[in-house]
Amino acid sequence: GEKVEQHESTLSVREGDSAVINCTYTDTASSYFPWYKQEAGKSLHFVIDIRSNVDRKQSQRLTVLLDKKAKRFSLHITATQPEDSAIYFCAASRPNSGGSNYKLTFGKGTLLTVTP
Amino acid sequence: DPKIIQKPKYLVAVTGSEKILICEQYLGHNAMYWYRQSAKKPLEFMFSYSYQKLMDNQTASSRFQPQSSKKNHLDLQITALKPDDSATYFCASSPGTGGLEQYFGPGTRLTVL
């Protein structure tokens, strides 16, 4: 089955700097890659996703890059703020026979700490 | 107001007992899911329901039984509880049945003694 590896278990940056979190996946058929943020004591919150028909997607300070050849995707956060501090999870999903991508396989998470 | 409600927030059970985890979503979504997050493993997909029908079951054990009485409800019954079942169980939902943009509930933290 699919395996998603999240390379950085922790990441510490200064406020205003950029942060990059990297993930790799094993299933070449995976086509959907969402990112989730989990603040301390809270649930997962969807932040951004990318589908395999594009290699870049941006939403405000967040950019996701997808390299299908390398089976790698990454989350870039620019101008980081203390409120960005959280655990970030990447996930991957391959479509089933009906074309649905509901089965998400998650990485173990990256704890991002943004210090003022 | 919370859009996905999970009850209870914390649950302590003894080995061998049975518990039901409640999930209700008020997002008008057509698909609902259960995931489990334990200390030992990453967040794991368990079940997928679409329009109250089971679409996928990735749990190896029949001790885990989802129950959907309404389109916006997806409860999880766990029987013959074991200490290894200790985890946080998250309910999620998505607007469409394709599984994109899943929204997660606050979770139920289950501890089995």
Side-chain angles (χ1 to χ4, degrees), chain A residues 1-9 21 23-27 30-54 57 59 62 64 86-111, chain B residues 2-10 21 23-25 27 29-51 53-60 66 74 87-109:
Chain A
E2 171 75 281
K3 286 185 170 56
V4 175
E5 187 171 342
Q6 213 159 329
H7 298 269
E8 301 85 5
S9 57
I21 302 172
C23 290
T24 52
Y25 60 98
T26 57
D27 190 342
S30 286
S31 61
Y32 178 62
F33 308 90
W35 287 86
Y36 285 84
K37 175 183 181 183
Q38 186 177 35
E39 295 176 64
K42 296 188 178 181
S43 187
L44 285 81
H45 176 75
F46 171 85
V47 289
I48 191 170
D49 60 9
I50 190 167
R51 300 188 205 185
S52 58
N53 58 341
V54 296
K57 181 174 180 179
S59 174
L62 304 177
V64 181
I87 299 175
Y88 288 81
F89 292 93
C90 62
S93 171
R94 69 173 291 164
N96 66 4
S97 57
S100 294
N101 283 93
Y102 53 70
K103 185 189 168 189
L104 301 179
T105 300
F106 283 84
K108 291 185 177 180
T110 296
L111 175 61
Chain B
K3 301 298 186 185
I4 301 182
I5 297 172
Q6 287 190 247
K7 300 176 192 175
K9 188 171 182 179
Y10 301 101
L21 282 55
C23 177
E24 306 169 15
Q25 57 92 2
L27 295 164
H29 288 173
N30 297 313
M32 296 183 71
Y33 317 93
W34 278 102
Y35 287 83
R36 172 171 54 193
Q37 185 178 42
S38 67
K40 299 176 184 176
K41 296 180 182 180
L43 200 64
E44 294 177 285
F45 173 88
M46 298 178 74
F47 296 99
S48 167
Y49 262 68
S50 175
Y51 293 99
K53 290 184 181 177
L54 178 66
M55 302 305 290
D56 200 350
N57 175 358
Q58 292 291 322
T59 60
L74 186 63
T88 299
Y89 290 81
F90 289 101
C91 175
S93 67
S94 63
T97 56
L100 306 183
E101 287 194 43
Q102 294 181 27
Y103 291 75
F104 282 73
T108 292
R109 183 181 289 183

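In what follows, every chain begins at residue 1, and chains take the letters A, B, ... in the order their sequences are listed. What you see below is based on every heavy atom in this structure, not just the backbone, and it leaves out hydrogens, waters and symmetry mates. Here the structure is a predicted model, which is why all the values come from computation and not from measurement.
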So which residue, B/Arg109, B/Gln58, B/Lys41, ends up with the most heavy-atom pairs under 4.5 Å with chain A?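 Maximum pair count with chain A is reached by B/Gln58.
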
Give the member of B/Gly96, B/Gly105, B/Gly107 that has the highest number of heavy-atom pairs under 4.5 Å with chain A.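 Answer, by heavy-atom pair count under 4.5 Å with chain A: B/Gly105.
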
Contact part of B/Ser94 toward chain A, heavy-atom cut-off under 4.5 Å: side chain, backbone, both or neither?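 Neither part.
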
Do the ring planes of A/Tyr102 and B/Phe45 sit parallel (below 30°), tilted (30 to 60°) or perpendicular (above 60°)?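 Rings of A/Tyr102 and B/Phe45: parallel, as their planes differ by under 30°.
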
Does any part of the side chain of B/Leu100, heavy atoms only, come nearer than 4.5 Å to the side chain of A/Arg51, both counted from C-beta?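 Counting from C-beta outward, A/Arg51 and B/Leu100 do come under 4.5 Å.
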
Do B/Tyr35 and A/Leu104 make a side-chain contact, defined as non-hydrogen atoms from C-beta onward lying under 4.5 Å apart?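 Yes - at least one pair of side-chain heavy atoms lies under 4.5 Å apart.
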
Closest heavy-atom contact between B/Gln37 and A/Phe89?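 Looking at all heavy atoms of both residues, the shortest contact is NE2-CZ, 3.6 Å.
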
Locate the shortest heavy-atom distance separating B/Pro106 from A/Ser43; write the atom from each residue and the value.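 That would be CA-CB, 3.6 Å.
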
How long is the gap from CD on B/Glu101 to OH on A/Tyr32, to the nearest 0.5 Å?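 Result: 5.5 Å between the selected atoms.
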
To the closest 0.5 Å, what do you measure between CE (B/Met46) and NZ (A/Lys103)?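 That separation rounds to 13.0 Å.
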
Between B/Phe90 and A/Leu44, is a side chain to side chain contact (heavy atoms under 4.5 Å, CB included) present by the stated rule, with each step listed? CA-CA 9 Å; B/Phe90 289 101; A/Leu44 285 81; 4.1 Å; yes

